[in-house]
J.: 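Sharing a structure below in structure tokens format, with a few things to ask.
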Amino acid sequence: MSLAAMLQQTGAISSMARELGVDEGTAKTAAGALLPAIVAGMGRSATGGTSTPDPLGGLGSLAGAILGGGGGQSAAGGGLGGLIGGGLLDAVLGSSPTPTQPGNDILGNIFGSKDVSRSVAGEVAGMTGLDEGMLKKMLPILAMAVAGYMAKEAGNTASHGAGGLGGILGSIVGGMMSR
């Protein structure tokens, strides 16, 4: 099953549509177009890219950002705080507006700068004809949903003795590459 289908199954797509004031089809199209950039960024972050001093090859900082406390942010400093792991997905699925700072923290970790996030939204808008402003609003929410889903799955697979976060990211990236 694709990551987009998994996010739809969890209700994340309909939650984002509701929050962004668009229909579910538009949200699904937008998420499907943004997901490759998010997953590729997570893959680069997890493998360390080319300039990370992380002894885990970047996986440590990515896991830290997803599980809470990565990117040099403390809970008091506005980082991921209490939205640890699967709590990120729960924040997207909740009835309250999604707090986007955790998503922006994740995007900062995987893309490195706001300029990259903006260019991703601009490219997707050009390819799909979707509103760039809506895509910019969706990016941090989608990043939270993806990271939260991955964290929940990592918890499930860890309890079954599987490969955890790295194994999940590998299977997602592998699935995207086989398209």
Side-chain angles (χ1 to χ4, degrees), residues 2-4 6-7 10 12-13 16 27 30-75 77-81 83-92 98-125 127-128 132 134-155 163-177 179:
S2 74
L3 182 57
M6 289 181 227
L7 290 174
T10 64
I13 300 293
M16 285 187 286
L34 292 170
L35 275 172
I38 290 173
V39 173
M42 287 180 170
R44 275 191 302 278
S45 182
T47 60
T50 58
S51 62
T52 180
D54 185 350
L56 296 176
L59 188 56
S61 62
L62 178 61
I66 292 172
L67 299 175
Q73 296 281 341
S74 68
L80 298 178
L83 298 177
I84 295 179
L88 292 167
L89 180 58
D90 294 339
V92 172
T98 303
T100 55
Q101 187 57 50
N104 285 322
D105 291 345
I106 292 166
L107 291 173
N109 187 279
I110 64 174
F111 292 146
S113 78
K114 288 183 180 182
D115 292 337
V116 176
S117 291
R118 289 184 191 114
S119 70
V120 165
E123 281 187 43
V124 169
M127 291 181 339
T128 62
E132 186 174 345
M134 184 270 298
L135 292 167
K136 285 179 184 175
K137 289 178 187 172
M138 180 182 264
L139 259 172
I141 299 170
L142 185 60
M144 288 173 63
V146 169
Y149 177 80
M150 288 173 53
K152 276 190 174 184
E153 288 301 301
L165 191 59
I168 291 167
L169 185 58
S171 67
I172 290 170
V173 172
M176 294 189 81
M177 298 304 243
R179 286 187 191 182

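Just so it is clear, the values below take in all heavy atoms, side chains as well, and ignore hydrogens, waters and symmetry mates. Residue numbers count from 1 along this sequence.
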J.: Which heavy atom of Met138 sits nearest to which heavy atom of Ala31, and what is that distance?
T.: SD-N, 3.8 Å
J.: Any idea which heavy atoms bring Ser117 and Phe111 closest together, and the distance?
T.: OG-CD1, 3.3 Å
J.: Give me the atom names and distance for the closest heavy-atom approach of Val124 to Ala33.
T.: CG1-CB, 3.5 Å
J.: Starting at CD1 of Ile141, measure out to CG of Leu88 and round the result to the nearest 0.5 Å.
T.: 12.5 Å
J.: Within this structure, what is the NZ-OG1 distance for the pair Lys137 and Thr100, rounded to the nearest 0.5 Å?
T.: 10.5 Å
J.: Grab the two heavy atoms, one from Met144 and one from Ala91, that are nearest each other, plus how far apart they are.
T.: CE-CB, 3.8 Å
J.: Going by side chain to side chain contact (heavy atoms under 4.5 Å, CB included), Leu34 matches just one of Val39, Thr128, Leu135. Which one?
T.: Leu135
J.: Which heavy atom in Ala143 sits nearest to a heavy atom in Ile38, and how many Å separate them?
T.: N-CD1, 4.0 Å
J.: To the nearest 0.5 angstrom, please state how far the CG atom of Leu89 sits from the OG1 atom of Thr98.
T.: 10.0 Å
J.: To the nearest 0.5 Å, what is the distance between CZ (Arg118) and CG (Leu107)?
T.: 11.5 Å
J.: Report yes if some heavy atom in the side chain of Val92 is under 4.5 Å from a heavy atom in the side chain of Thr10; otherwise report no.
T.: no
J.: So which heavy atom on Ala121 is nearest to which on Lys136, and how close?
T.: CB-CG, 3.6 Å
